[in-house]
Amino acid sequence: MEVSNFIRNIIDEDLKTGKHTKIITRFPPEPNAYLHIGHSKSICLNFGLARDYNGVCHLRFDDTNPTAEDVEFVDSIIEDIHWLGFDWKDKLFYASDYYEKLYEYAEILIQDGKAFVCDLTFEELNKTRGTLKEPGTNSPYRDRSVEENLDLFRRMRAGEFEEGSKTLRAKIDMSSGNVNMRDPVIYRIKFAHHHRTGDKWCIYPMYDYTHCISDALEGITHSICTLEFEDHRPLYDWFLDQLPVPCHPRQIEFARMNLTYTVMSKRLMLKLVNEGYVKSFDDPRMPSLAGMRRRGFTPEAIRDFSDRIGVAKASSIVDFELLQFCLRNDLNLRADRAMVVLDPLKVTLENYPDDLNEEIEALNNPENPDSGTRMIPFSKEIYIERDDFKEDAPNKWFRMAPGREVRLKHAYYIICKDVVKDADGNITELICTYDPESRGGGTPDNRKVKGTIHWVSAIYNIPVEVRLYEQLFTKPDPMDAEEGKTWLDYLNPESLVTVNGFAEPGLKNTKAGNRYQFLRLGYFVTDKDSTPEKPVFNRIVTLKDTWAKMEKKM
RNA sequence: UGGGAUGUCGUCUAACGGUAGGACAGCGGACUCUGGCUCCGUACGUAGGGGUUCAAAUCCUCUCAUCCCAGCCA
């Protein structure tokens, strides 16, 4: 699809004026958490730009805080981005690759009198920083000599000082309205083991200092980040202006994505897992890419979704319905159909020969002529969906009801003659007749039937477990809680309903990751818990249900 | 008088002084061996006031609303 947005306008202009002849973007995750659907916007944006403009997108891990980061996350992030369909070839970088260069630049800053070693404690520093409305005050260590600063900084690196006892700070302006400019810390002491550099360093550079220089070292042309970094841009530019860096990338901010019925912060996702509201980080209800992957969402649908939501600077919350649309749109063309009954009601065809065993041919996917056909066993006793029968049916109902004729998908027309009930009045069975002339779903007299329902043989079927997933929350914006409530009060108790159903036998050897449309029910994916003895399916998304909508209005 | 940003159909987004367009959702209909898909039709919007201009979503101005910032996190 064609996309137009303010970032592309900027790039078009830069290419037109000759500011750049080629663009380089980057996706810079910190390896301290799993990726979620919100990240996919940034991933699709950065890699998509590189793809469309014939440029390059780097993957760079922003690993400057060893106490939070771990290889576990670099591995999962790499897996997720690849799964989404993007690749960076040999352009895989780590901010930690630049530690030595970053250190050299810091000495330059000191030599130029633009950075100083500060002995203020954490609390003291906070006190002198001022508030949002009041300016801060200069550190008493601000005017140390270049020689002293250099000596102290080198000794910081050498490990002579305790954690927290000293920092290296940029000398900018303690009275700036932008608190980021109030002599920000650029190095802190941490005696921590880094997942890549090991114990080589005991001082680590801060984000603001590291990010802009990393961008410059990699020749990034457009450094695209989210809105909350807008306040940091003056600092980004300040560092690059002070230092002899190879280029000065342009930072551009866009609004991060929010999605209805979803929480996306790392903290909240962690709580959902740790406190058992979901089973794991790849629980199919989680907004993590791992969860969505297990849920059966396709990378194609997520990329399409990314294109459709666009990019802008106004904060927004996207309807989850759009993602569902993208999913159905993609799956409709690709998922083979299958018949599964989740809530069985037995139907006996009284005029069907006792000893007849037929196989019915069925189209795998009417949207895809190449998908071929399969055979489904038919028998005198079958199961239909309990919902598809109504004893007192309204006029507009054209599924099964006493005396009404319906079509069994791919098979025969049947008419309900009798309803069998137990002592409590529950319907236990339907006695029907079938029209042998209607085999394959049509009759010589071209008789029309309004309703077509799905079914499985009551004899030749396999039991399957089906996990019906819905939104994790009942409120579009769970964070917008009423008085006295929290987001956890809006957890949907029915976000997972597990049912045991019956499927056509062909599903026996399904493999994890296979996707299907269970006719009239929705799209499903085989879960990794699946075995040949007991296939397990996750519902990806339901089909649109016009009848349910009509029923609601009645 | 801290600083920074943002306001366009219900939602997301386009327009770069010249017909406010698209998508999802909604509504109505056609088609259909899935009440799916597809197709057709339809309703709905420039936060508010003032100004500049032949012409303003777009430029100026005031107001209002919302979001972000006081980690040795990113």
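Just so you know, these numbers use all the heavy atoms, side chains as well, and skip hydrogens, waters and symmetry mates.
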* Are A/His211 and A/Tyr207 close enough that their ring centers fall under 6.0 Å? -> yes
* Span that lies between the C1' atom of B/A56 and that of B/A15, in whole angstrom -> 13 Å
Would you kindly give the [atom1]-to-[atom2] distance between [X] and [N], to the nearest whole Å?
X	N	atom1	atom2	value
A/Lys450	B/U34	NZ	C1'	14 Å
A/Asp307	B/A14	CG	C1'	15 Å
A/Phe229	B/A74	CZ	P	9 Å
A/Leu331	B/U34	CG	P	19 Å
A/Gln251	B/A74	CD	C1'	13 Å

Listed nucleotide nearest any side-chain atom of [X], set [options]:
X	options	value
A/Met550	B/C72, B/A23, B/G35	B/G35
A/Lys190	B/C72, B/C73, B/A70	B/C73
A/Glu228	B/C68, B/A15, B/G71	B/C68
A/Asn329	B/G2, B/U38, B/C72	B/U38
A/Leu125	B/C72, B/C24, B/A70	B/C72
A/Glu367	B/C37, B/C27, B/G71	B/C37
A/Arg337	B/G35, B/G36, B/G71	B/G36
A/Arg520	B/G71, B/C27, B/G35	B/G35
A/Glu30	B/A25, B/G28, B/C73	B/C73
A/Thr64	B/G28, B/A74, B/C37	B/A74

* **5′-ward residue of the pair A/Asn180/A/Glu123 relative to RNA chain B** => A/Asn180
* Assign each of A/Arg399 and A/Val311 to its nearest nucleotide of RNA chain B by heavy atoms, then name whichever residue's nucleotide is nearer the 5' end. => A/Val311
Counting only side-chain nitrogens and oxygens, does [X] get under 4.0 Å of the OP1 or OP2 atom of [N]?
X	N	value
A/Lys544	B/C37	yes
A/Lys553	B/C27	yes
A/Arg129	B/G71	yes
A/Asn365	B/C37	no
A/Thr131	B/G2	no
A/Arg328	B/U38	no
A/Lys549	B/G26	yes

* Do the rings of A/Tyr99 and A/His194 sit parallel, tilted or perpendicular, given the 30° and 60° boundaries? -> perpendicular
* To do: Please work out whether the ring planes of A/Tyr34 and A/Phe73 are parallel, tilted or perpendicular, with thresholds of 30° and 60°.
  => perpendicular
* **A/Arg26 with A/Glu218: basic N within carboxylate O range, under 4.0 Å** => no
* To do: May I ask you to decide whether A/Asp12 forms a salt bridge with A/Lys16, counting only side-chain N to carboxylate O separations under 4.0 Å?
  => no
* Do A/Glu470 and A/Tyr261 have a side chain donor and acceptor closer than 3.5 Å? -> no
* Verify whether one side chain among A/Asn178 and A/Ser176 offers a donor that lies under 3.5 Å from an acceptor in the other. => no
* To do: Treat a base pair as Watson-Crick or G-U wobble with both distances under 3.5 Å, then lay out RNA chain B in dot-bracket form, 5' to 3', with | for cross-strand pairs.
  => .((((((..((((....[..)))).(((((.......)))))....(((((..]....))))))))))).....
* To do: Could you check whether A/Pro366 gets within reach of a base, just the sugar-phosphate, or nothing at all, counting any heavy atom under 4.0 Å?
  => base
* Describe the nucleic acid contact of A/Asp208 in one word from base, sugar-phosphate, nothing, applying a heavy-atom distance below 4.0 Å. => nothing
* Listed partners of A/Arg196 passing side chain to side chain donor-acceptor pair (under 3.5 Å), at least two apart -> A/Asp97
* Asked: Looking at residues at least two apart in the chain, or sitting in another chain, which of them share a side chain to side chain donor-acceptor pair (under 3.5 Å) with A/Asp388?
  -> A/Arg399, A/Arg520
* To do: Would you mind building the protein contact string for nucleotides 4-11 of chain B? One character per nucleotide, 5' to 3', B for base within reach (heavy atoms under 4.0 Å), S for sugar-phosphate only, - for untouched.
  => SSS---BS
* Structure fact -> Base orientation of B/G49, chi within 90° of 0 counted as syn, else anti, reads anti
* Structure fact -> Applied to residues 255-271 of chain A, the salt bridge (charged side-chain N to carboxylate O under 4.0 Å, His left out) test, sequence neighbours excluded, yields A/Glu228-A/Arg256, A/Lys271-A/Glu275
* Is atom NZ of A/Lys19 surrounded by more than 12 heavy atoms (other residues, nucleotides or ligands) closer than 6.0 Å? -> yes
Show the atom names and distances, to 0.1 Å, of all donor-acceptor pairs under 3.5 Å that link a side chain in residues 362-373 of chain A to residues at least two apart or in another chain.
{"residue": "A/Asn364", "atom": "OD1", "partner": "A/Arg374", "partner atom": "NH1", "Å": "3.1"}
{"residue": "A/Asn364", "atom": "ND2", "partner": "A/Ser371", "partner atom": "O", "Å": "2.8"}
{"residue": "A/Asn364", "atom": "ND2", "partner": "A/Gly372", "partner atom": "O", "Å": "3.4"}
{"residue": "A/Asn365", "atom": "OD1", "partner": "A/Arg337", "partner atom": "NH2", "Å": "3.3"}
{"residue": "A/Asn365", "atom": "OD1", "partner": "A/Glu367", "partner atom": "N", "Å": "2.8"}
{"residue": "A/Asn365", "atom": "ND2", "partner": "A/Asn332", "partner atom": "O", "Å": "3.4"}
{"residue": "A/Asn365", "atom": "ND2", "partner": "A/Leu333", "partner atom": "O", "Å": "3.3"}
{"residue": "A/Asn365", "atom": "ND2", "partner": "A/Ala335", "partner atom": "O", "Å": "3.3"}
{"residue": "A/Asn368", "atom": "OD1", "partner": "A/Asp370", "partner atom": "N", "Å": "3.0"}
{"residue": "A/Ser371", "atom": "OG", "partner": "A/Asn365", "partner atom": "N", "Å": "3.0"}
{"residue": "A/Ser371", "atom": "OG", "partner": "A/Asn365", "partner atom": "O", "Å": "3.4"}
{"residue": "A/Ser371", "atom": "OG", "partner": "A/Asn368", "partner atom": "O", "Å": "2.7"}
{"residue": "A/Thr373", "atom": "OG1", "partner": "A/Glu361", "partner atom": "OE2", "Å": "2.9"}

